[in-house]
Q: 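Supplied in structure tokens, the structure appears directly below.
Reckoned from all heavy atoms, side chains included, excluding hydrogens, waters and symmetry mates. For this chain, numbers begin at 1 and follow the sequence in order.
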Amino acid sequence: GAALLAGKGVKGAGLEEAGKKSSEQSLFCMPNFWRVVVFMTAVLFTSQQWRYMDLIMPKFCTRNFGDAVPFGNIQSINFWGCVFLPPLISSLTSGMDDVSVMLPGIWVMALSSFPLLFFNSPYAVAAWTALMTMGEVVWSPRSSSYAASLAPVGREGVFLMMCSWPTYLTK
């Protein structure tokens, strides 16, 4: 009797297994779970610019502008922007809805490569990095807040994990 109540033994294991299975099934039936999955999938290609900046920009700069181009300085725009801008942006947008803050940031980040279409110079690369950083510091922190706000009590971790899955693909 006590072993069954404690979840031990063959019958207890079956109950735990059944509870786990229904828990997973109920997760996949939640509309908010799918909202987070669809949203993060939709911004996947925009968020991949982080990875492109690390992998492609140094080679692009060296091939187009020579060995003397300071691509490390250009990359540091993103680093320093990500250090100092999120607290400022968060304080300026603290009373706003997550989605109304994220959408402009996503658009800025998505369109940040446009200077490279019109100009072929280190300044255009720096403009791309600066615009990408501005978009990133606006939408990226709020995506976690958005996912957590949609999660039911006790499921916040799963929703936050789904919110950050594109990071594992891009880094």
Side-chain angles (χ1 to χ4, degrees), residues 31-153 155-171:
N32 284 348
F33 174 78
W34 291 108
R35 282 190 185 109
V36 172
V37 170
V38 168
F39 173 75
M40 294 313 297
T41 303
V43 298
L44 174 66
F45 295 108
T46 299
S47 65
Q48 279 188 331
Q49 287 189 63
W50 293 316
R51 190 65 175 146
Y52 295 153
M53 183 185 67
D54 293 338
L55 291 177
I56 297 172
M57 187 186 59
K59 213 41 126 171
F60 173 81
C61 288
T62 304
R63 288 180 180 171
N64 285 298
F65 314 122
D67 290 331
V69 70
F71 63 82
N73 292 344
I74 295 170
Q75 278 184 318
S76 73
I77 294 169
N78 182 261
F79 172 76
W80 290 110
C82 289
V83 168
F84 292 111
L85 291 177
L88 176 66
I89 300 295
S90 294
S91 66
L92 292 174
T93 61
S94 63
M96 298 174 69
D97 179 50
D98 289 334
V99 175
S100 63
V101 172
M102 287 188 304
L103 287 179
I106 291 168
W107 277 107
V108 168
M109 190 170 176
L111 300 174
S112 65
S113 60
F114 269 71
L116 294 171
L117 291 174
F118 301 112
F119 306 102
N120 189 20
S121 72
Y123 297 109
V125 177
W128 165 61
T129 306
L131 287 170
M132 181 188 67
T133 301
M134 284 302 299
E136 173 188 358
V137 299
V138 171
W139 82 267
S140 184
R142 290 304 275 268
S143 65
S144 298
S145 173
Y146 172 69
S149 71
L150 292 177
V153 176
R155 296 293 182 102
E156 294 88 354
V158 174
F159 277 66
L160 289 172
M161 184 270 309
M162 289 311 299
C163 177
S164 60
W165 79 265
T167 304
Y168 296 109
L169 292 178
T170 60
K171 298 253 177 184

Q: Any luck finding a side-chain donor-acceptor pair between T133 and N78 under 3.5 Å?
A: yes

Q: If you define the side chain from C-beta out and look only at heavy atoms, does anything of M109 sit under 4.5 Å from V43?
A: no

Q: Can any side-chain N or O of S76 pair as donor or acceptor with the backbone N or O of N73 at less than 3.5 Å?
A: yes

Q: How close do S100 and D97 get, counting heavy atoms only, and between which atoms?
A: OG-O, 2.8 Å

Q: Looking only at heavy atoms, what is the nearest atom pair of S143 and S140, with distance?
A: OG-O, 2.7 Å

Q: Pair L85, M134 - check side-chain contact (heavy atoms from CB on, under 4.5 Å), show working.
A: CA-CA 8 Å; L85 291 177; M134 284 302 299; 3.6 Å; yes

Q: Check whether R155 reaches the backbone of F33 with its side chain - one donor and one acceptor, N or O, closer than 3.5 Å.
A: no

Q: Taking all non-hydrogen atoms of both residues, which atom of I74 and which atom of M57 are closest, and how far apart?
A: CG2-SD, 3.8 Å

Q: What distance separates E136 CD from T129 OG1, expressed to the nearest 0.5 Å?
A: 11.0 Å

Q: Could you state the interatomic distance from OH (Y123) to CZ (F65), rounded to the nearest 0.5 Å?
A: 11.0 Å

Q: What's the shortest heavy-atom distance between S113 and A110, and which atoms?
A: OG-O, 4.4 Å

Q: Check I89, I106, V108 against W139 for a side chain to side chain contact (heavy atoms under 4.5 Å, CB included) and give me the one that passes.
A: I106

Q: Once the angle between the rings of F114 and F118 is folded into 0 to 90°, is it parallel (under 30°), tilted (30 to 60°) or perpendicular (over 60°)?
A: tilted

Q: Going by distance alone, is a donor N or O of one side chain under 3.5 Å from an acceptor N or O of the other, for S112 and Q49?
A: yes

Q: Can you name the nearest heavy-atom pair linking A147 to L160, along with the distance?
A: CB-CD2, 4.4 Å

Q: Side chain to side chain contact (heavy atoms under 4.5 Å, CB included) with M53: which of F60, F71, W128?
A: W128

Q: Is there a side-chain contact between L111 and L131 (heavy atoms, below 4.5 Å)?
A: no

Q: Kindly give the heavy-atom pair with the smallest separation between G81 and P86, and that separation in Å.
A: O-CD, 3.4 Å

